[in-house]
Amino acid sequence: MTTNQELFDTARELMPGGVNSPVRAFGSVGGTPTFMVAADGPYLTDAEGTQYVDLVGSWGPALLGHKHPAVIKAVHDAVDAGLGFGTSHPSEARLAELVRGRVPGGQMIRMVSTGTEATMTAIRLARGVTDRNIVVKFAGCYHGHSDGLLAAAGSGVATLGLPGSAGVTEAQASETIVVEYNDRAALEAVFAEHGERIAAVITEATPANMGVVVPEEGFNAFIREITQRHGALMIFDEVMTGFRITEAGYWGASGRVEGWEPDLFTFGKVIGGGLPTAALAGRREIMEHLAPTGPVYHAGTLSGNPVAMAAGVATLEHATAGVYAHVDEKAQIVADALTAALDAAGVDHTLQKVGSLFSVAFGTSATGVHNYAHAQAQETFRYGPFFHAMLDAGVYLPPSVFEAWFLSSAHDDAAIGRILDALPGAAKAAAQAAA
């Protein structure tokens, strides 16, 4: 049997950090990454044969659990017909139809391969539609790794962005303004100074890449109002929340109730059912600016790949009201147990939760977590021991405190029981952690 350590040693010789996406390297929790070789329902199995209850869910897509029979059958049927054709395919329109049925504001849809590609294309489209250059984003919101969206916050409320990664130029970053999340006054100040040059405001529907952060009441509606007032577009990034928080994503729990729609949505994760699929969607008059009907160029060899479309169609067709009710119920049970275990161990924390999406932030009860500054100020040193205690007990958590926890409709009482049994020991490990 090959061990996780042996696999990691080999991988580090061949790939930067031994991974193809940084968080997998366990950099923030320490230790040797687990190399998974199989998944079924709520479980993962690593190369050493250890089974874990999975609370990552492939970072969100596994709403129905791993290896759902209907999804697997749809993918097998698609593979039997061919891996891809480089042409249009009937399942592309079927998936678009399902998206529009859940989110009517997505009158037209463009399929892409990744969430990064979806947000990158949405930004290009917004600039093409408005003939403006500046994009506003919020500190701590992650919209993929395209250059302009890796801008870091400048020194003032209305300061243009600074490069947030090596390889991002000052010129690229300078067309992005970064403001603190949940700060209406900051956004007002930005529009007062730059309003005529702002093409769009992009926001995570509810941030979940600095841990889960709850939008203050009316904040998303305020973004909608101020963008309309100044002729800018609102881009609602639902790559993580789309078709997971509700059947209509976070918009279904907010904008649909409050009576507003963004100009553009971006979707990923659940829309592909575990295969590389994402999309942008919006009003017809905006989307028709995309080639071939308009001057904003986008193309992709794998966009609308029939195997990926099959997985997405099967996932959305089986993501019923019962699925969402089950996931919400089980998420609440785990969240309540997590809070109880940490309280019993005397660990100061806040539980950040929106729908079935949640995370924990250590040492934050005095302030709560309302923005990136709050998230950064937490006692991150407690998460590594907490994570490894859960891992040793057979529960696989996100290997970063800044990531959300995901459950699925496959998490039954047995899987939930294993999670609940592991939490007290992990809470004690967090309590004993030293900075």
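In this chain, numbering begins with 1 at the start of the sequence shown. Note that this is a predicted model, so its numbers are computed, not measured.
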Taking C-beta and beyond as the side chain, do Val178 and Tyr372 meet within less than 4.5 Å on heavy atoms?
no
For Lys330, is the NZ atom crowded, meaning more than 12 foreign heavy atoms sit under 6.0 Å from it?
yes
Side chains of Tyr52 and Asp46: is there a donor and an acceptor less than 3.5 Å apart?
yes
Main-chain N/O of Ala248 paired with Thr246 side-chain donor or acceptor, under 3.5 Å:
yes
Ring centroids only, cut at 6.0 angstrom: are Phe265 and Phe267 within range, meaning strictly under it?
yes
Going by heavy atoms in the side chains, are Phe236 and Val201 under 4.5 Å from each other?
no
Regarding His298 and Glu117, is there a side-chain donor-to-acceptor distance under 3.5 Å anywhere?
yes
Validation row: Trp251, Glu238 side chains within 4.5 angstrom (heavy atoms):
yes
CA sep, side-chain torsions, deciding dist, call: Leu280, Ile109, side chain to side chain contact (heavy atoms under 4.5 Å, CB included)
CA-CA 6 Å; Leu280 60 151; Ile109 294 94; over 6 Å; no
Taking the side chain as every heavy atom from C-beta outward, state whether Leu95 and Leu316 have any pair of such atoms under 4.5 Å apart.
yes
Steps toward side chain to side chain contact (heavy atoms under 4.5 Å, CB included) verdict (Phe402, Val23):
CA-CA 10 Å; Phe402 296 110; Val23 73; over 6 Å; no
For the residue pair Leu150 and His145, establish whether any side-chain heavy-atom pair is separated by less than 4.5 Å.
yes
Are side-chain N/O atoms of Thr350 and Gln352 paired as donor and acceptor at under 3.5 Å?
yes
So, do Phe381 and Phe362 have ring centers that fall under 6.0 Å from each other?
no
Is there a donor-acceptor pair closer than 3.5 Å between any side-chain N or O of Glu329 and the backbone N or O of His326?
no
Asn133 side-chain N/O to Glu175 backbone N/O, donor-acceptor pair under 3.5 Å
no
For Met210 and Asn371, run side chain to side chain contact (heavy atoms under 4.5 Å, CB included): C-alpha distance rounded to whole Å, both residues' side-chain angles, the deciding distance at 0.1 Å, then the answer.
CA-CA 8 Å; Met210 49 179 156; Asn371 54 45; 5.8 Å; no
Verify the neighbour count for atom CD of Gln376: are there more than 12 heavy atoms of other residues, nucleotides or ligands below 6.0 Å?
yes
Around atom OH of Tyr297, are there more than 12 heavy atoms of other residues, nucleotides or ligands at under 6.0 Å?
no
Regarding Asp237 and Thr266, do their side chains bring together a donor and an acceptor under 3.5 Å, going by distance alone?
yes
Give a yes or no on whether Tyr181 atom OH has more than 12 heavy-atom contacts from other residues, nucleotides or ligands under 6.0 Å away.
yes
Check: Phe387 ring centroid to Phe26 ring centroid under 6.0 Å
yes
Do you know which two heavy atoms are closest between Leu338 and Leu351, and how far apart they sit?
CD2-CD1, 3.6 Å
Okay, side chain of Thr34, backbone of Met36: is any donor-acceptor separation there less than 3.5 Å?
no
N/O donor-acceptor pair under 3.5 Å between Ser146 side chain and Gly148 backbone:
no
Does any non-hydrogen side-chain atom of His230 lie less than 4.5 Å from one of Ile198?
no
Could you tell me whether a side-chain N or O of His318 sits under 3.5 Å from a main-chain N or O of Ala314, the two making a donor and an acceptor?
yes
The test is side chain to side chain contact (heavy atoms under 4.5 Å, CB included); show your working for Val56 and Trp405 and say whether it passes.
CA-CA 6 Å; Val56 178; Trp405 299 23; over 6 Å; no
Please check this pair: side chain of Arg102 against backbone of Glu247, looking for a donor-acceptor N/O pair closer than 3.5 Å.
yes
Think Arg12 forms a cation-pi with Phe8, using NZ or CZ under 6.0 Å from the six-ring centre and within 45 degrees of its axis?
yes
I'd like to check Val327 versus Leu63 (side-chain heavy atoms, cut-off strictly below 4.5 Å). Are they in contact?
yes
Would the number of heavy atoms belonging to other residues, nucleotides or ligands and lying under 6.0 Å from NE2 of His289 be above 12?
yes
Can you establish whether the number of heavy atoms outside Arg100 located under 6.0 Å from its atom CZ is more than 12?
no
What pair of heavy atoms forms the shortest contact from Thr227 to Leu233, and how long is it?
CG2-O, 3.8 Å
Compute whether any side-chain donor of one residue and acceptor of the other, for Asp336 and Gln332, lie under 3.5 angstrom apart.
yes
Ser303 and Ser113: which non-hydrogen atoms are nearest, and at how many Å?
N-OG, 4.0 Å
Beyond-backbone contact of Tyr383 with Ser28, side-chain heavy atoms, under 4.5 angstrom:
no
Is the backbone N or O of Gly115 less than 3.5 Å from a side-chain atom of Thr119, with the two atoms forming a donor-acceptor pair by type?
yes
When you measure from the side chain of Lys353 to the backbone of Leu357, do you find a donor-acceptor pair of N or O atoms at a distance under 3.5 Å?
no
For Asn182 and His370, which I'm curious about, is there any donor-acceptor pair between the side chains at under 3.5 Å?
no
Kindly say whether Met108 contributes a backbone atom to a donor-acceptor pair with the side chain of Arg284 at under 3.5 angstrom?
no
